[in-house]
Amino acid sequence: MAKRLDGRLLAARHEASLRSTIAQHLATAGCTSYPPGLVVVRVGDDPASGVYVRKKAQACGRVGIESRIIHHPATASQQEVLESIHQLNGDSSCHGILVQLPIPPTLNACQLLLAVDPSKDVDGLHPLNLGRLMRGEPGLRSCTPAGVMALLDHGGIALDGTRALVIGRSILVGQPLGIMLQQANATVTVAHSHTRNLADHCRQAELLVVAAGKPGLVGADWVRPGVVVVDVGIHRVPPQQPQQQGTQGTLRGDVCFSAVEPLASHITPVPGGVGPMTVAMLLSNTVQAWQRHTTVTPA
Ligand code: NAP
């Protein structure tokens, strides 16, 4: 039976460490009036985004980051959202800016992400930060891939020379993760919807990261015994049983957890795996950006 890579536990440890870093620097650097500040720019009313934004705000509160939300209606113009971002770029109480995706298709998301000051880009999606990642230079890293790397590190997973398969090539997850794994000396294949014989690729992988957004894509017959499985997918399954009626249903990932768990050496659960680590990395990036902006020496 696989060992679980517990994202909740590790995220709680990160939070404890960030809480003490913030308190310590506020106490010693004489910047009491200047706690770290994160602003989420949200456009429209995507319900899943509402849940994520609330969770991020709660996590900020737990560690001592001041957070606020600028919520534009779905009808907001590109110019209106850009103006919010420009104001935040010049706001010294705001150290991190996160443009909550997805935004309505009427707006140009790339242009909005490009408008964020790269030193406040706590989602790590500005082209400058993605370029720094490519070059292996220090910079703010994309939260979900950074969270996956932290989980693997904490689980003691050896990456050097490992055959890794990442399913999914989005800018948010698959692409940056493929680069991070390569930089850790794994031999990486990145699969996508045009990949032929995906099951064969999976069976060869010693590390399998699934970020396809397809519930239950990977089952027991796709994995080799002893594989390390990281499931990035999150899907809300509506209530199936009569006793679940009136509840929000359950969450599941891209991997058939109960079928794959007996075969794998390590596996992330959904929920409680990658999700909490994504939030933890957002907090960590915000504190990093704050430390730079307030010229407090990073711990
Ligand atoms: P995305 O932008 O939709 O990208 C999905 C990727 O998977 C694409 O590259 C697509 O290929 C590939 N793909 C789709 N179906 C496939 C298939 N049958 N076989 C192989 N590849 C396939 O999604 P995303 O933003 O990367 O997110 C992926 C999943 O992770 C979603 O479930 C999302 O909710 C979840 N997520 C979780 C967290 C977290 O914190 N846990 C954070 C972010 C995302 P093409 O490029 O060819 O279209």
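Because the structure is a prediction, the values reported are computed rather than measured. In each ligand, atom 1 is the first atom listed, and ligand 1 is the first ligand listed. The first residue in the sequence is number 1, and the count goes up from there.
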Chemist: Are any side-chain N or O atoms of N285 and backbone N or O atoms of R141, one a donor and one an acceptor, separated by less than 3.5 Å?
Modeler: yes
Chemist: N185 side chain to D160 main-chain N or O, any donor-acceptor pair under 3.5 Å?
Modeler: no
Chemist: State the atoms of ligand 1, each with its element, that fall below the 4.0 Å cut-off from a heavy-atom position in I167.
Modeler: 20 (C), 21 (N)
Chemist: List the closest protein heavy-atom neighbour of atom 46 (O) of ligand 1: residue, atom name, distance to the nearest 0.1 Å.
Modeler: R169 NE, 2.7 Å
Chemist: Return the NE2 to OG distance between H25 and S20, rounded to the nearest 0.5 Å.
Modeler: 8.5 Å
Chemist: Using a strict 4.0 Å threshold on nitrogen-to-oxygen distance, state whether D123 and K56 make a salt bridge.
Modeler: no
Chemist: Is there side-chain contact between D254 and H235, with at least one heavy-atom pair below 4.5 Å?
Modeler: yes
Chemist: Among all protein heavy atoms, pick out the one at the shortest distance from atom 28 (C) of ligand 1; state its residue, atom name and that distance to 0.1 Å.
Modeler: A211 O, 3.5 Å
Chemist: Hey, any chance L251 and V274 share a hydrophobic cluster, counting ILVMFWY side chains that come within less than 4.5 Å of each other, even indirectly?
Modeler: no
Chemist: Under 4.0 Å from ligand 1, counting heavy atoms only, is it the side chain of H192, its backbone, both or neither?
Modeler: both
Chemist: Please state which protein non-hydrogen atom is closest to atom 18 (N) of ligand 1 and give its distance, to 0.1 Å?
Modeler: L217 CD1, 3.9 Å
Chemist: Evaluate the 4.0 Å heavy atom contact test for atom 3 (O) of ligand 1: does a protein atom fall under the cut-off?
Modeler: no
Chemist: Of all the non-hydrogen atoms in the protein, which one sits nearest to atom 44 (C) of ligand 1, and at what distance?
Modeler: V173 CG2, 4.0 Å
Chemist: What protein heavy atom sits nearest atom 37 (C) of ligand 1, and how far away is it?
Modeler: V232 O, 3.1 Å
Chemist: Give yes or no for whether the N/O distance cutoff of 3.5 Å, strictly under, is met between Y52 and ligand 1.
Modeler: no
Chemist: When you measure from atom 34 (O) of ligand 1 to every protein heavy atom, which one gives the shortest distance, and what is it?
Modeler: I234 O, 3.7 Å
Chemist: T195: heavy atom below 4.0 Å from ligand 1, yes or no?
Modeler: no
Chemist: What atoms of ligand 1 come closer than 4.0 angstrom to any heavy atom of L198?
Modeler: 19 (N), 20 (C)
Chemist: Is the side chain of Q78 donor-acceptor paired with the backbone N or O of L107 at a distance under 3.5 Å, no angle test?
Modeler: no
Chemist: Among all the protein's non-hydrogen atoms, which is closest to atom 26 (O) of ligand 1, and how far away is it?
Modeler: S170 OG, 2.5 Å
Chemist: Following the transitive rule for hydrophobic clusters with a side-chain heavy-atom cut-off under 4.5 Å over Ile, Leu, Val, Met, Phe, Trp and Tyr, establish whether V255 and I167 coincide in one cluster.
Modeler: yes
Chemist: I'd like to check which ligand 1 atoms, numbered from 1 as shown, lie under 4.0 Å from a non-hydrogen atom of G275.
Modeler: 40 (O), 41 (N)
Chemist: Which atoms of ligand 1 have any heavy atom of G168 under 4.0 Å away?
Modeler: 6 (C), 7 (O), 9 (O), 12 (C)
Chemist: Considering non-hydrogen atoms of the protein only, which is the closest contact for atom 14 (C) of ligand 1, and what is the distance?
Modeler: A212 O, 3.5 Å
Chemist: Which atoms of ligand 1 have any heavy atom of G233 under 4.0 Å away?
Modeler: 29 (C), 30 (O), 32 (O), 35 (C)
Chemist: Against heavy atoms of T144, which atoms of ligand 1 measure under 4.0 Å?
Modeler: 40 (O), 42 (C), 43 (C)
Chemist: Can a non-hydrogen atom of M277 be found less than 4.0 Å from any atom of ligand 1?
Modeler: no
Chemist: As an exercise, identify every atom of ligand 1 less than 4.0 angstrom from a heavy atom of H235.
Modeler: 32 (O)
Chemist: Kindly work out whether a path of hydrophobic side-chain contacts (I/L/V/M/F/W/Y, heavy atoms less than 4.5 Å apart) joins L133 to M281.
Modeler: yes
Chemist: Short question: side chain of T162, backbone of A186 - any donor-acceptor pair under 3.5 Å?
Modeler: no
Chemist: Can a donor-acceptor pair be found, under 3.5 Å and without considering hydrogens, that links the side chain of D231 to the backbone of I267?
Modeler: no
Chemist: Are any of the N or O atoms of T278 closer than 3.5 Å to those of ligand 1?
Modeler: yes
Chemist: Quick check: D254 and ligand 1, any N/O pair under 3.5 Å apart?
Modeler: no
Chemist: Ignoring hydrogens and geometry, is there a side-chain-to-backbone donor-acceptor pair from H86 to V116 under 3.5 Å?
Modeler: no
Chemist: Say whether S84 and H72, considering side chains only, have a donor N or O and an acceptor N or O under 3.5 Å apart.
Modeler: yes
